[in-house]
Amino acid sequence: MADGYNKPIPIPQPESDYYWEGAKAGELRLRHCDDCNQAYFYPRNICPECGNNNTSWIVASGKAKVHTFAIVHRPPHPGFMDDLPYVPAIVELEEGPRMATQLINVTPEPEAISIDMQVKVVFESITDEISLPKFEPA
Amino acid sequence: MPVMDRLKAISGSAAIVGVAESDRFGRTPDRGPMELHAEAGRNALADAGIDKSEVDGVFTSGGYSTYDIAEYMGIAPHFTDSTSVGGSSFVIHIAHAMAAIEAGYCEVALITYGQTGRSDRARGALNLYGVTPGLPNAQYEAPFGIIGPPIAYSMAANRYMHQYGEDRTREAMANVAVSTRKWANMNEKAHFYDTPMTFDEYHDSRWISWPFHLLDCCLVTDGGAAVVITSAERAKSTRKGGVAILGAAEGHDHAILHQMPDLTRTWGRNTGPQALEMAGVTHSDLDMAMIYDSFTYTVLVTLESLGFCGPGESPDFVANQRTAPGGDFALNTNGGGLSYAHPGSYGIFTVLEAVRQLRGETGERQLDDCKLAMAHGTGGLLSSTGTVVLGRE
Amino acid sequence: MPVMDKLKAISGKAAIVGVAESDEIGRVPGKGPMELHAEAGRNALADAGIDKSEVDGVFTAGYSTYDIAEYMGIQPHFTDSTSVGGSSFVIHIAHAMAAIEAGYCEVALITHGESGRSNRARAAGNPGLPGAQYEMPYGIMGAPIGYSMACNRYMHQYGEDRTREAMANIAVSTRKWANLNPKAFFNDVPMSFDEYHDSRWVSWPFHLPDCCLVTDAGAAIVITSAERAKSTKKGAVRVLGAAEGHDHGILHQMPDLTRTWGRHTGPQALEMAGVTHSDLDLAMIYDSFTYTVLATLESLGFCEPGEGADLVANQRTAPGGDFPLNTSGGGLSYTHPGMYGIFTVVEAVRQLRGETGERQLDDCKLAMAHGTGGTLSSTGTVILARD
């Protein structure tokens, strides 16, 4: 574990090993249903739309737009105390699915961030196994 | 899909005959959560005039199995339901109890709740930060600091503001906060009974998670509550008679925030219409609405989803303190989760207040001629909803 | 108290139309517990020939319904996450029948999934529960210890030697059934009486083969109205009787360590179904431990208190015996991921349908499935029939 990293760290599950390996390697990997011909998030082997398991992985472009965000002034967990205020967000990926993330390299003020603004993925290494996909202005 | 003919056939077949809070309420560092369950359960049975030995159905939620609570209270039930979908659970239990009684599995159902949201931190409670390893939240939201309701709900509120206008949404949130506080000022059990709130105080309060001020967020208190349900027939011989369960509905469309299909619409879009149709009434027939107010925004999105107004129209609906005492839409008359109590899973308190208003037991804040009420719970991250329509003859 | 007239009126009005395990069971390190839920759910719907979009009632335990429904992409109108340990999924059948009858939903999906063997993310226990204060500090933690303490009381009351012999009979007969079930963990591993008696102690009086397996597995059940069941792929196994309840949570609160709540659920479920013990062609009794079977058979009324040893004597419950019991190989030898109850139903349905190959019973028309949860705390019983 990175020294001093005291925020929640994902525990990969079998169906998400490949996702987190991708993040560590600098790829945002998405599950894709080959029957629905559509990507989905979060990773599951069985498509949550049609229920089939004719599914594969694709690599996302990393381009997205902001669907919503907040600016957090009171920490929900001690690990975020030094980050205040920080900007959690939901982004809509170019491939369609939405995912939760954090916006970085933005000024944490309502006037400085807008819904629908274009962002791109950056990977922040937090442990030897885990890098978190965060997003910054494109 | 729910079958309306069948639902209509059981409408009114069961009744709420007892409701109560725990003895101690608000800040209870000397009472644990199981004790609050037991106190509330005993009080609700006393309210009904039913002996504990007659209870044969036990319902609870919130990290307890029914066997934990039943053992604590000394009950051996023949029907058990620990459905846990967050704050809506205890409203949903009402629907389940009606089906269980109708099926014959039990005759007297006791729903209990107890939580020490305020005092937990002192006792090292489980899972203080709400992150359960193995659930998708722990991988896909918590690492980014999306932990707990205030952050998630504020993100949904920001989307609503984007779609329907920030200023009018802000004004609506202020209206909800201030009108709810006015009701709390008339409820001696309310946390903020003695504390009025002005619009300026609302707007000047500190940010928790923008766009939420502190005063957009519910309280964190300690408290318990319980509800007793039996058949309409048997209800006639209880101490206070029955409040009929005329309509009930439930469901969910996601668990964690980013999976929510539309951040501005809850599953209430299904439970509102179903519960009303089952009851054979419409929105305008209701004398009051108890709508889970975990946050001011929760009220806005819920009123629209339930069909009280169209999408984006709730700022008009709650404008000019229309929902305050003396207004023409009586909403959250106990002071709500915002100003009365909110130990964590508040939904059961919407039922308590609705029953008391229907019985005419609410003193200074009593509505005139209150005969038909809706109680509505929301659980998870705007995930699950449960709606009941209750009526007094 | 349950109202028998009302219960009889709904007897048979709902039916099980789909059952399945996850694609793999046993050792499944490559799949997490939620995925096991989803696989089993998909497989059970396929077994029923019902599309996922038709599911409007979701039942589970160990998770909230919204966790599982979101994972599977289902938006239900009825939700039930009643969690009373291993009996939960049997109890869900009773709840589903009431919900369907009330009109809350039409197609109920009950899912289970646990990686008992391979789980990477175990949640901590709740330190606020009484067990954390009044049992765990003394090392009374987990099922084997609690159940072995109950078993020792039974031995004291009814004789150690005959109890031991009964436990050995159960372990060995159940293994014989597992040897006939290709999905069973111990399908290829026979067990002799000597092997039973010579095995190591886990918590005396329990030998290792007195204790259930710890595996990875999922299972699911699809339920709908008897009417709608007629148009499903394999037709109906009707739910004729159902009962549930509990009389304690933790061990030392159990009123009588030798009697479970099955003393109520057995009679209620049978009366609701309008049948008696002797009408049953098969009993699937939760076997978390050999002792669980003894205490449960007596509580359910198959025999009197202390007579369980006679009931299971001489391999009467083994293949070819006249009391077919736990024909899947049970929690002892087939699979036991943690909350095994749902698997009693899966096997009962398959026997009633005639789908169990080498271990198929002749003319199996009426079966009981019985789950136990907590520390002998909660029981759920259903009576199932093939028309």
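Values below: all heavy atoms of this structure, side chains included; hydrogens, waters and symmetry mates excluded. A note on names: the letters A, B, ... follow the listed sequences, proteins ahead of strands, and every chain is numbered from 1.
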> Heavy-atom distance under 4.5 Å to chain B: side chain of A:P97, backbone, both or neither?
Replying inline: neither

>> Only pairs of heavy atoms separated by less than 4.5 Å count here; which of B:A157, B:A156, B:P261, B:P211 has the most with chain A?
In response: B:P261

> So which part of A:F69 gets closer than 4.5 Å to some heavy atom of chain B, the side chain, the backbone, both or neither?
Replying inline: both

> Can you find a heavy atom in the side chain of B:L219 that is under 4.5 Å from one in the side chain of B:L338?
Replying inline: no

> Side-chain contact, heavy-atom cut-off 4.5 Å: A:V91 with A:V119?
Replying inline: yes

> Are any of the side-chain nitrogens in A:E129 or A:K24 under 4.0 Å away from the carboxylate oxygens of its partner?
Replying inline: no

> So which part of B:Q259 gets closer than 4.5 Å to some heavy atom of chain A, the side chain, the backbone, both or neither?
Replying inline: side chain

>> Among A:G79, A:P108, A:A89, which residue has the highest count of heavy-atom pairs closer than 4.5 Å to chain B?
In response: A:A89

> Which of the residues B:N158, B:I151, B:L214 is involved in the greatest number of heavy-atom pairs with chain A at under 4.5 angstrom?
Replying inline: B:N158

> Tell me, side chain or backbone of A:D83 under 4.5 Å from chain B's heavy atoms, or both, or neither?
Replying inline: neither

> What orientation do B:H342 and B:Y346 show, parallel under 30°, tilted 30 to 60°, or perpendicular over 60°?
Replying inline: parallel

> Taking C-beta and beyond as the side chain, do A:L84 and A:V72 meet within less than 4.5 Å on heavy atoms?
Replying inline: yes

> With a 4.5 angstrom heavy-atom cut-off, which part of A:Y42 approaches chain B: side chain, backbone, both or neither?
Replying inline: both

> Does A:K134 make a cation-pi contact with B:F144 (under 6.0 Å, within 45 degrees of the axis)?
Replying inline: no

>> Is A:P85 in contact with chain B via its backbone, its side chain, both, or neither, using a 4.5 Å heavy-atom distance?
In response: neither

> Using non-hydrogen atoms only, which part of B:I256 is less than 4.5 Å away from chain A: side chain, backbone, both, or neither?
Replying inline: side chain

>> Could you tell me if the side chain of B:M197 sits less than 4.5 Å from the side chain of B:Y202, heavy atoms only?
In response: yes

> Heavy-atom distance under 4.5 Å to chain B: side chain of A:F41, backbone, both or neither?
Replying inline: both

>> For the OG atom of A:S131 and the CH2 atom of A:W20, what is their distance to the nearest 0.5 Å?
In response: 9.0 Å

> So does A:R44 pair up with A:E15, basic N to acidic O under 4.0 Å?
Replying inline: no

> What residue, out of B:A138, B:P136, B:S154, has the most heavy-atom pairs lying under 4.5 Å from chain A?
Replying inline: B:P136

> Which one, A:H67, A:R74, A:K7, A:E124, leads in non-hydrogen pairs under 4.5 Å with chain B?
Replying inline: A:H67

